Amino acid sequence: KKNDMQLKFCVQALKELKKTKYSNIAYPFLSPVDPVKLGIPHYPKVIKNPMDISTIEKKLNNAEYNHADEFEADVRLMFRNCYTFNGPESDVYIMGRALEKIFDEKWAE
Ligand SMILES: Cc1ccc(Nc2c(-c3ccc(O)cc3)nc3c(C)cccn23)cc1
């Protein structure tokens with residue numbers, strides 16, 4: 001069915017971001033931001049809707065996305081959170097931009 005085919009694209013795109021060859025730029029995005037571990041207790045005040053690859057994968061596996069657009073919105077939310085919180089010169093911001101470019105290329109395939 002059309003829906004299934006689109007969700008297969010989502011699975012493929014997420015798999016791409018998790019590839020070992022991207023781990024040096026993907027690691028800040030693989031699991032939920034831990035404000036305590038990172039020493040940023042104000043994070044939850046700044047970012048109201050945290051999102052990360054493991055959470056997106058869980059939602060995908062629990063069939064929580066009815067349409068590929070909803071999946072893409074969570075991916076964009078994850079990167080937007082990164083750009084909101086981390087200044088444009090920061091390493092994590094630059095890593096986010098690099099990983100989003102990889103997502104864009106895979107998503108446009
Ligand atoms: C004092 C300070 C400043 C910046 C950060 N950013 C940051 C983030 C981060 C990712 C996504 C996001 O939406 C927000 C933050 N992830 C990290 C990691 C894994 C290591 C080091 C820094 N990291 C951490 C501590």
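Remember, it's 1-based here, ligands and their atoms both numbered in the order they're listed. In this text the structure is predicted, and so the values were computed from the model without any measurement.
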Run through ligand 1 for me and note each protein residue having a heavy atom under 4.0 Å from it, chain first, then residue number. Y27, P28, V33, L38, I40, Y43, N81, C82, F85, N86, V92

Going through the distances and angles, do E70 and K59 end up as a salt bridge (charged side-chain N to carboxylate O under 4.0 Å, His left out)? CA-CA 10 Å; E70 295 163 15; K59 288 178 73 171; over 6 Å; no

List for me each residue that meets side chain to side chain donor-acceptor pair (under 3.5 Å) alongside K101, sequence neighbours excluded, and say none if there are none. E105

Chi angles and distances behind the side chain to side chain contact (heavy atoms under 4.5 Å, CB included) call for Y27, M95: CA-CA 9 Å; Y27 76 85; M95 291 153 85; 3.2 Å; yes

Parallel, tilted or perpendicular, judged at 30° and 60°: which one describes the rings of F79 and F103? tilted

Hey, is R76 close enough to E100 for a salt bridge, meaning N to O under 4.0 Å? yes

Would you call the rings of F71 and Y65 parallel, tilted or perpendicular, taking 30° and 60° as the class edges? perpendicular

